[in-house]
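Notes for the one structure printed next.
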Amino acid sequence: MSAWPHARVELIEEQQRLGALEPPAWRFRRGARVGAVFVCFARGGTGPGNTGDAAWAAASVGDEAVVVPGRAGAPYEAGLLALREGTVLEAAVRALTQPPDVLLVDGTGRDHPRRAGLALHLGGVLDLPTVGVTHRPLAAEGEWPADERGARSPLLLAGELVGYWLRTRAGTRPLAAHAAWRTDAGTAAEAVLSTCRARTPEPLREARRRAREARAAPVRR
DNA sequence: GCGACAG
DNA sequence: ATCTTGTCGC
């Protein structure tokens, strides 16, 4: 239904539009249902992949998890992740019986050349608050926080606080928690930390596990 | 021109 | 994201 752009120029225009919007802020509350979505692709070499690569996207919230098959819309390209993953990620979240209150997405949000990374874009399409989670920032910069669970330090992009380096567990690399659709950096950090036992938030771990499990299944169609 | 560059 | 062995630590 929703139109994920298939052309680079169209995505860029959509990102400019989304990045300029100011949707109402959503605040994290204890007890909020935090879900996540994750996509993996067919094995077969390193690099950016290709259009049409087999994909499996999983969405997870609470006790429910769903997996949908799909295809990559494009090769990976920094700043244009939505071309590759948007369609299949949306399908997975829509397959959930009940959507979460806030969705964790593997990608940035405000930390983006046009202030509209995949996490923000997906939230806009789904009309769902989102938070981005990545191993490192895309365009923002910031020093690492202390090596102590919960420690955070600002990720700044042209003076804007777009996220936090967040130490989700002592002794491990911090994660980047990104402000995205209807969320600010503080809310992003709270949502991520509230669901962290291991370094990676539990809903994201579960979605990742389910997606890879589906990819490994003997029967594919 | 060269390197960097979410997943 | 994916390709990959061993290795260090709790």
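Letters A, B, ... mirror the listed sequences (proteins, then strands); counts begin at 1. Remember, it's a predicted structure, so these values are computed and weren't measured experimentally.
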Mind calculating the distance between [atom1] ([X]) and [atom2] ([N]) to the nearest angstrom?
X      : N      : atom1 : atom2 : result
A:Y164 : B:dA6  : OH    : P     : 23 Å
A:L204 : C:dA1  : CG    : P     : 9 Å
A:W56  : C:dA1  : CH2   : C1'   : 13 Å
A:L118 : C:dA1  : CG    : C1'   : 13 Å
A:R84  : C:dT2  : CZ    : P     : 9 Å
A:R199 : C:dC10 : CZ    : C1'   : 18 Å
A:R215 : C:dC3  : CZ    : P     : 6 Å
A:R8   : B:dC5  : CZ    : P     : 18 Å

Would you mind writing out the side-chain donor-acceptor pairs for residues 155-163 of chain A within the sub-3.5 Å range, not counting sequence neighbours?
residue, atom, partner, partner atom, Å
A:E160, OE1, A:R110, NH2, 3.4
A:E160, OE2, A:R110, NE, 2.9
A:E160, OE2, A:R110, NH2, 3.3

Categorize [X] for me: base, sugar-phosphate, or nothing, with a 4.0 angstrom heavy-atom threshold over every strand shown.
X      : result
A:L175 : nothing
A:G79  : base
A:Y76  : base
A:P137 : sugar-phosphate
A:G117 : base
A:T108 : base
A:H135 : sugar-phosphate

TODO: Check whether any side-chain nitrogen or oxygen of A:R136 sits under 4.0 Å from OP1 or OP2 of B:dC5, and answer yes or no.
DONE: no
- [ ] Establish, with yes or no, whether the OP1 or OP2 oxygen of C:dT2 is under 4.0 angstrom from a side-chain nitrogen or oxygen of A:R212.
- [x]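 It does, given that an N or O in the side chain of A:R212 lies less than 4.0 Å from OP1 or OP2 of C:dT2.
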Test item: [X] side-chain N/O and [Y] main-chain N/O as donor-acceptor pair under 3.5 Å:
X      : Y      : result
A:T183 : A:T130 : yes
A:S153 : A:E143 : yes
A:R33  : A:P100 : no

Task: Of the listed nucleotides B:dA6, C:dT2, B:dG7, the one nearest the side chain of A:D106 - done: B:dG7
Open item on the list: Starting the side chain at C-beta, find the nucleotide from C:dA1, C:dT2, B:dC5 nearest to A:F38.
Closed with: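 Nucleotide nearest to A:F38's side chain: C:dA1.
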TODO: For a side chain to side chain contact (heavy atoms under 4.5 Å, CB included) with A:E85, tell me which candidate from A:F38, A:W4, A:F41 qualifies.
DONE: A:F41
